[in-house]
Amino acid sequence: QGQLVESGGGLVQAGGSLRLSCAASGRTFRSYAMGWFRQAPGKERQFVAGVSWSGDTTYYANSVEGRFTISRDNAKSTVFLQMNSLKPEDTAVYYCAADSGVVPTTRADYWGQGTQVTVSS
């Protein structure tokens, strides 16, 4: 049974940076695409960023393109999300996901418990 655990969330001022980490355990996720999603209060969960199993291909939502960077370290079974130039509208619970498909979607196979990111204006 695989498990994903996020960390690195917190409170930051607008324009600041945070780095989220997602540690995988219990099984190997080397062949899975990995992604980050977020959900704000009263809104649906939305895709933020994704990375292929090899780490060669990355995907971003238009709203974070150029500000966020996703990466993975398969040797350490960890996925990262570097978030720069944060905006108040980035405030949400951020979830890590592992998807057996090519691109992570909201139907991903495994999910973490989420980490809160709050950006103050």
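N74 contributes no side-chain N or O that, together with a main-chain N or O of T28, makes up a donor-acceptor pair within less than 3.5 Å. One N or O on the side chain of R72 and one on the backbone of S52 form a donor-acceptor pair closer than 3.5 Å.
Summarising the geometry, atom CE belonging to M83 is positioned 11.0 Å from atom OG1 belonging to T69; distances are rounded to the nearest 0.5 Å. In this structure, S121 OG and Q13 CD are separated by 9.5 Å, a value rounded to the nearest 0.5 Å.
Note: the hydrophobic cluster containing V64 also contains W36 (ILVMFWY, side chain heavy atoms under 4.5 Å, direct or indirect links). Linking Ile, Leu, Val, Met, Phe, Trp and Tyr whenever their side-chain heavy atoms come within less than 4.5 Å leaves V117 and V93 in two separate clusters. Note on L86 and F80: separate hydrophobic clusters, where clusters join Ile, Leu, Val, Met, Phe, Trp and Tyr whose side-chain heavy atoms are under 4.5 Å apart, directly or indirectly.
Among F37, Y95, Y60, the single residue meeting the ring-ring contact (aromatic ring centres under 6.0 Å, His included) criterion with F47 is F37.
Y32 places a side-chain heavy atom less than 4.5 Å from the side chain of R27. Side-chain contact between E6 and L20 is absent, with no heavy-atom pair separated by less than 4.5 Å. The shortest distance between side-chain heavy atoms of F29 and V79 does not fall below 4.5 Å. Within the 4.5 Å cutoff, the side chain of D109 has heavy atoms near those of the D99 side chain.
Closest of all the heavy-atom pairs between A97 and A108 is CB-CB, 3.7 Å. The minimum heavy-atom distance between A98 and M34, with the atom names listed, is CB-SD, 3.5 Å. Scanning all heavy atoms of the two residues, the minimum distance from Q82 to N84 falls at NE2-OD1, 2.9 Å. The two atoms that bring T91 and V119 nearest to each other are OG1-N, 2.9 Å, heavy atoms only. Taking every heavy atom of both residues into account, A40 and A92 meet most closely at N-CB, 3.9 Å. What you find for A49 and L81 is that their closest heavy atoms are CB-CD1, 4.0 Å.
Crowding of W111 atom CH2: a count of heavy atoms from other residues, nucleotides or ligands under 6.0 Å exceeding 12.
In the hydrophobic clustering (ILVMFWY side chains linked at under 4.5 Å, chained through shared members), L11 stands by itself.
D90 is linked by a salt bridge (Lys or Arg N to Asp or Glu O under 4.0 Å) to R38, R67, counting only residues two or more places apart in sequence or in another chain.
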For this session: I would like to know whether Y59 and V102 meet side chain to side chain contact (heavy atoms under 4.5 Å, CB included); could you show each step before the answer?
Result: CA-CA 11 Å; Y59 315 87; V102 175; 4.1 Å; yes
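The aromatic rings of Y94 and F68 are tilted relative to each other, their planes meeting at an angle between 30° and 60°.
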